[in-house]
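See below for the structure under consideration.
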Amino acid sequence: MAKDKQHQLEIVTEPKFIDGSALKIPMLQILKEDGTLHKGAEAPKLDKELALKMFDTMQFIRILDERMIAAQRQGRISFYLSSLGEEAASIGSAAALDDGDMIMGQYREQGALAYRGFTVEQFMDQLFSNERDLGKGRQMPVHYGSAALNFMTIASPLATQIPQATGYAFGQKMDKTGNCTICYFGEGAASEGDFHAALNMAAVYKVPAIFFCRNNGYAISTPSQGEQYAGDGIAPRGVAYGMKTIRVDGNDILAVYQATQLARKLAVEEDEPVLIEGMSYRMAGHSTSDDPTGYRTREEEEEWRAKDPLARFQTYLIKKKWLTEKDAEEIFAEKKAAVLAALKKAEKVPAPHIDELINDVYDTPPKQLKEQLEQLKAHIRKYPEAYPKTASRIDGGEK
Amino acid sequence: MAKDKQHQLEIVTEPKFIDGSALKIPMLQILKEDGTLHKGAEAPKLDKELALKMFDTMQFIRILDERMIAAQRQGRISFYLSSLGEEAASIGSAAALDDGDMIMGQYREQGALAYRGFTVEQFMDQLFSNERDLGKGRQMPVHYGSAALNFMTIASPLATQIPQATGYAFGQKMDKTGNCTICYFGEGAASEGDFHAALNMAAVYKVPAIFFCRNNGYAISTPSQGEQYAGDGIAPRGVAYGMKTIRVDGNDILAVYQATQLARKLAVEEDEPVLIEGMSYRMAGHSTSDDPTGYRTREEEEEWRAKDPLARFQTYLIKKKWLTEKDAEEIFAEKKAAVLAALKKAEKVPAPHIDELINDVYDTPPKQLKEQLEQLKAHIRKYPEAYPKTASRIDGGEK
Amino acid sequence: MAKMNLLQAINSALDIAMAKSEKVYSFGEDTGSFGGVFRATSGLTEKYGRHRNFNTPLVEQGILGFANGLASQGSYAIAEIQFGDYIFPAFDQIVNESAKFRYRSGNEFNVGGLTIRTPYGGGIAGGHYHSQSPEAYFAHTPGLKIVMPRNPYMAKGLLLSAIFDPNPVLFMEPKRLYRASTGEVPEEEYTLELGKADVVREGKDLTIVAWGAQVEMAEKAADKAAEDGIDCEIIDLVSLLPWDAETVAKSVMKTGRLVVTQEAPLTSGFASEVAATIQDKCFLYLESPIARVCGLDTPYPLCHEKEYFVDHLKVYEAIKASMTY
Amino acid sequence: MAKMNLLQAINSALDIAMAKSEKVYSFGEDTGSFGGVFRATSGLTEKYGRHRNFNTPLVEQGILGFANGLASQGSYAIAEIQFGDYIFPAFDQIVNESAKFRYRSGNEFNVGGLTIRTPYGGGIAGGHYHSQSPEAYFAHTPGLKIVMPRNPYMAKGLLLSAIFDPNPVLFMEPKRLYRASTGEVPEEEYTLELGKADVVREGKDLTIVAWGAQVEMAEKAADKAAEDGIDCEIIDLVSLLPWDAETVAKSVMKTGRLVVTQEAPLTSGFASEVAATIQDKCFLYLESPIARVCGLDTPYPLCHEKEYFVDHLKVYEAIKASMTY
Ligand SMILES: Cc1ncc(C[n+]2csc(CCOP(=O)(O)OP(=O)(O)O)c2C)c(N)n1
Ligand SMILES: Cc1ncc(C[n+]2csc(CCOP(=O)(O)OP(=O)(O)O)c2C)c(N)n1
Ligand SMILES: [Mg+2]
Ligand SMILES: [Mg+2]
């Protein structure tokens, strides 16, 4: 066939429209839903210790999510957002990374953070906005962050972190750190302009970034297929940007782990950004503010319950004799106790001091802001009964 | 192969990354560079009258562009932007539309506007920002628009018109107008977030819109391949959104015409939005403010000169005996005379009256704005010598 | 008349508008059959079909781009932005497009049918990104109208005016009051004038200017000041663009004192515009400096919201300071 | 010392910053080897390589998203937005991200290394979309610094400060003066303090406040007023966020009169903030209302630019009106 010289394009003389059907992207699955390996499938190399750490973290997150939803219902915290059903996606991918790799999340990646070593106390301090929260109580619950753990602080505006990940990874490449950045986001957030900017720029600059789309079927009430997009999900977009792309079963932790491990190699060794689309399902409501019965059926939820990533991995580990039912129960009990103890402790820790109100707007507070704080404090002193939590501590008084 | 039930995805058990090489989109070309048909290629049905109208318009635009670049150099207008080398893309596509279809352009689609019937006087009135300009002299030269001709007024911010086209087409569909919207934009503008929003939404809502990307190799100084995008251009993105897509030789007016005609059918009859990528080359500088010698070679330009869409179509028409060299020369001379005459006339038409300054900010000027105008006029009356063009006409004086 | 909360009043306005004209469309993130995260659009899909009230993909710049195009086609496009904090990705479509559409085309085209609805404001434990009051970001934009209702009655009448006003309107809903504010609201159609301030309470000693949810703080502060024998006049600005400087000036010429209060941070907020204009118009009448009672110049915090919040006590203190200047 | 125009001064600052630290990057649309449409970045690719000064794809929200990420990684990211008019697609990344990055993370992360450069302003026959002065849109945003130089000397010193300042800085360059304004500029590195206003001329009768290119109009107006025996003090604000209200207040306490002038439309511009603050701080000193001399509340027009433009005659008239109040 003839080729166009400038563009190196194949030339055709009959008009033929192509569409999504020209590019259907399959899904990598290693563990079947019943927890056994696909025939002929090879599990990724994973030693027992690592496998159990992954399992451990999954258990922890499952309990944390359940307990904190309950705590929110009891009015002990104002808000919570669970990752129920999606634990494999964030934990399996985090496990494939180096601790020096930067993680930029959306808000449903507590699994990745826990895997990195964020302690149960640190989770609780953030959730209770107390004075030990690294974020100084300034953001809503679940907006975690830790510089020490290379986990960028979560922020609510969707998709903004995706081009930031491209920029961060560019810096890592220039500094020859040998590290990469992983960026998580939902299939809903992938509709934002920032997503488009981010992936195109990453492909152009060839930065060591892994874009991990958690396709969990919904953006709050909006179903992905047909209302969020009309094509074959998010993965084909990576192909369109000329980026290495793979789709995995997000509920299969082995598939997630393997794909991420290979993606990391491409990113770090060949400066090839990668898009991973992990297919999963948001088992709980969007957050504690949401009730999914208004927009989806119980049957649909039940279908997905059968694909539970935690049960699937547990079966695998038990079959592999790395775990017994009893072990699993013990881990569960131990995690639960830890969560409950930390919760009780964290809710007693006082809020940050009012002086923190003006710190970190700039590196140092400008004069005008200091004056505003002094005025506020004078006002509180005048009406201590109106601001009881602050008034007693305002001048260094007891906490 | 196994299929995933919920997503209807093919399941694979070995990780395989795919990338742009999985989807290379060919280019439709009917007329070869030498103006003859490809072997076996069938020219679209096109009667002589229509073909000559297309040719006529191409000639007109070629001359308009050349003359106005010269006029800008002479300081007669402040700015100009030519479509040299890209006439086939806008004229060939416009010719395939219905007059009731809306056109939303970027700024290099004077061909489509001329084809619709914008007169040489109307062009000149806009270029000279005179009081006959439909846009009331408010925007820079080349920002044409005409409600009567269903040609949306051009505006400088890039890509904003793309999601607007989706919305406009949605309205057409709801109103059952039987019309569609065509939206032109450059491959550079396709990097904007608005592009992503627009195409995804169009695919989701199934609106009768044709997205026509003029890929002319550059966005000002930035080359498309490797610096604007890393993939196989813009077309694969349509596929990723699940949208009907075709790539054409933008310098082959027959290919452009045919693809647009079929696209219009898909849009209007099946509510299928379509993406067309027209491959071409911006032969002139970006605008009169630009000098391309700073970023590309003469050789590259020469290579493209050989693909000239006007010469190519002329050869075809002559071969077809619908035109002679002499006809072509006569058309050229006639267009040139018309352009020169209109230019001379338009530059003598006065600017819009100062009272127009506050109209159309809202449907009617608010009180405060009227006061501001009165203050301004009082000021001008005080310093007539400082605002000579306005002072003499401010109170209805001679124009 | 019926007792409605602010959300019900909004919903009623949307319902009436959609019944009135087939060319009215309502859309946004989760606003389809689910009815939006606050349920302002609930019931509309059932009544008018999924082509009249629908979900959008998650992309604010797209929502506004789509809305601009739809409005330019001659439809009435009502676009919901889920939270005022998420309106910024659509900033370009609003400020460079909606606002300039008619002017730049010499009135060949316009997007007069556009209405942007968005909940704004704090007091709901929402932290940085569910509490902002971004009105001032838009108030520097000729071509746009900005309207902020303070209660259900105002909300319904103003929203109906906004939808059919021949200019693009940004309609900001005080989400703290969505359920908290209730009142008698006519069930049928009625409209309220845009661009006109509302003298909520007459008084002779001092003028308080507020808008949206902050009017409530002005009222409470005035009540408290009344106990001290201070007689406050309260003006709800209602519209920020164009805004009714005359009504405020007239009041200040009478009282000689002005306190302007807003939820948003002090610097470059709309209170500054009010103060700048009124010091000019009422220079010889002012007996004390115009006071602005606003948020601190920080992002909106979660854990000290009570202290950060511009409550009635802060407004009251400003009243007293002004009276004793 | 060398004679430089404003563009050369900017280029020199970039050159010095890039030589000083390997972690300084400069990028934007067409800013690579071509050097940008105004050529502010010319020569930098040759000197520092195509990984330090480079083109971006055409997407402002991506430029700022990328820049935020790069800055959060510890680099100095200098992002050019080709025209101030095209900064709005990046509004969310600037207002919700850059400005709040440090605060929301409790100082775990920051984008202090970010500098956004953009040409702004009119007087160049650019019409709606090549003439805007959008500074006030950003001035309502705690966490951001805004700097606007008036001449080459200021431009270089301030840009060097901005680049290495530990906060995100929006640096707005008066494009009308790019080539028109020339002056003696040291070739070596020097810095000028951010957040500090500059008393350009001392005077005792009236204070004029301006920033960026508008300072020139203040100076011309003051020259003309001097012929009438009016002695104006001129203050260049230099930084709009945080801004130096003290220097202005001190001056107004001396002169008793204030004229603030800006290129942008009147309503909710930064002049309103200055007027609101100063009427409060200097209430008892003011002998006439604070005057704002600003653009009309319309989009920036092409064909009546001369009339629309806030020239020295308009400032002069405001001076006279204030003196004879
Ligand atoms: C810019 C922006 N727009 C809207 C929202 C409100 N919002 C929060 S989460 C959400 C849905 C996100 O869906 P998805 O990206 O699929 O992630 P998931 O919740 O499914 O994990 C929306 C609309 C937001 N936070 N930011
Ligand atoms: C939002 C926005 N950003 C930047 C610009 C400045 N600008 C004008 S044209 C242009 C290049 C456009 O390239 P492309 O889309 O490929 O169209 P072409 O000029 O090649 O036809 C740029 C960067 C703009 N007008 N709008
Ligand atoms: Mg989702
Ligand atoms: Mg181009």
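All chains are named by letter (A, B, ...) in the order of the sequence lines, taking the proteins before the strands, and each is independently numbered beginning at 1. All values reported here derive from a predicted model rather than from experimental measurement.
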For chain C, which residues from residues 152-170 of chain B have at least one heavy atom closer than 4.5 Å to it?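 Result: Met152(B), Thr153(B), Ala155(B), Pro157(B), Thr160(B), Pro163(B), Gln164(B), Thr166(B), Gly167(B), Tyr168(B), Phe170(B).
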Pull out the residues in residues 186-208 of chain B that come under 4.5 Å of chain C, heavy atom to heavy atom, sorted by number.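 The residues closer than 4.5 Å to chain C, in numerical order, are Gly193(B), Asp194(B), Ala197(B), Asn200(B), Met201(B), Val204(B), Tyr205(B).
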Side-chain donor-acceptor pair under 3.5 Å between [X] and [Y], yes or no?
| X | Y | result |
| --- | --- | --- |
| Trp243(C) | Gln368(B) | no |
| Glu356(B) | Asn359(B) | yes |
| Ser251(C) | Thr207(C) | yes |

Please determine which of Ile63(C), Ile146(C), Ile87(C) meets the side-chain contact (heavy atoms from CB on, under 4.5 Å) test together with Ile116(C).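 Passing option: Ile87(C).
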Quick one: what part of [X] sits under 4.5 Å from any heavy atom of chain B, side chain, backbone, both or neither?
| X | answer |
| --- | --- |
| Asp92(C) | side chain |
| Asn107(C) | both |
| Gln93(C) | side chain |
| Glu246(C) | side chain |

Do Arg138(B) and Tyr103(C) form a cation-pi contact, if we require the NZ or CZ to be under 6.0 Å from the six-membered ring centre and within 45 degrees of the ring's axis?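 Verdict for Tyr103(C): a cation-pi partner in Arg138(B).
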Partner of Ser98(C) by side-chain hydrogen bond (donor to acceptor under 3.5 Å, both in side chains), out of Asn167(C), Thr141(C), Asn68(C), Asn110(C):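 The passing option is Asn68(C).
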Looking at [options], which makes the most heavy-atom pairs under 4.5 Å with chain B?
| options | answer |
| --- | --- |
| Leu144(C), Asp165(C), Leu64(C) | Leu144(C) |
| Gly143(C), Gly62(C), Ala245(C) | Gly143(C) |
| Gln73(C), Gln61(C), Arg104(C), Lys145(C) | Gln73(C) |
| Glu22(C), Arg52(C), His51(C), Glu60(C) | His51(C) |
| Ala71(C), Gly195(C), Ala67(C), Ser105(C) | Ser105(C) |

Would you call the rings of Phe138(C) and Phe91(C) parallel, tilted or perpendicular, taking 30° and 60° as the class edges?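 Tilted: the ring planes of Phe138(C) and Phe91(C) meet at 30° to 60°.
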Whether Phe118(B) and Tyr144(B) hold their rings parallel, tilted or perpendicular, with breakpoints at 30° and 60°: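 Perpendicular: the ring planes of Phe118(B) and Tyr144(B) meet at over 60°.
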Tell me which of these, Pro352(B), Ala148(B), Ser146(B), Gly137(B), has more heavy-atom pairs under 4.5 Å with chain C than the rest.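 Looking at each of Pro352(B), Ala148(B), Ser146(B), Gly137(B) in turn, Ser146(B) comes out on top.
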For chain C, which candidate among Thr181(B), Asp360(B), Asp133(B) shows the most heavy-atom pairs at distances under 4.5 Å?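 Winner by heavy-atom pair count: Asp360(B).
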With the threshold set at 4.0 Å, does a side-chain nitrogen-carboxylate oxygen contact exist between [X] and [Y]?
| X | Y | answer |
| --- | --- | --- |
| Glu131(B) | Arg393(B) | yes |
| Lys196(C) | Asp244(C) | yes |
| Lys23(C) | Asp175(B) | yes |
| Arg214(B) | Glu109(B) | yes |
| Asp363(B) | Arg102(C) | no |

Determine whether Asp280(C) and Thr277(C) satisfy the following criterion, side chain to side chain donor-acceptor pair (under 3.5 Å), listing intermediate values before the conclusion. CA-CA 5 Å; Asp280(C) 187 21; Thr277(C) 299; over 6 Å; no
Could you give me the CA-CA distance, side-chain angles and deciding distance for Lys370(B) and Glu374(B), then say whether salt bridge (Lys or Arg N to Asp or Glu O under 4.0 Å) is met? CA-CA 6 Å; Lys370(B) 284 191 204 152; Glu374(B) 284 316 313; over 6 Å; no
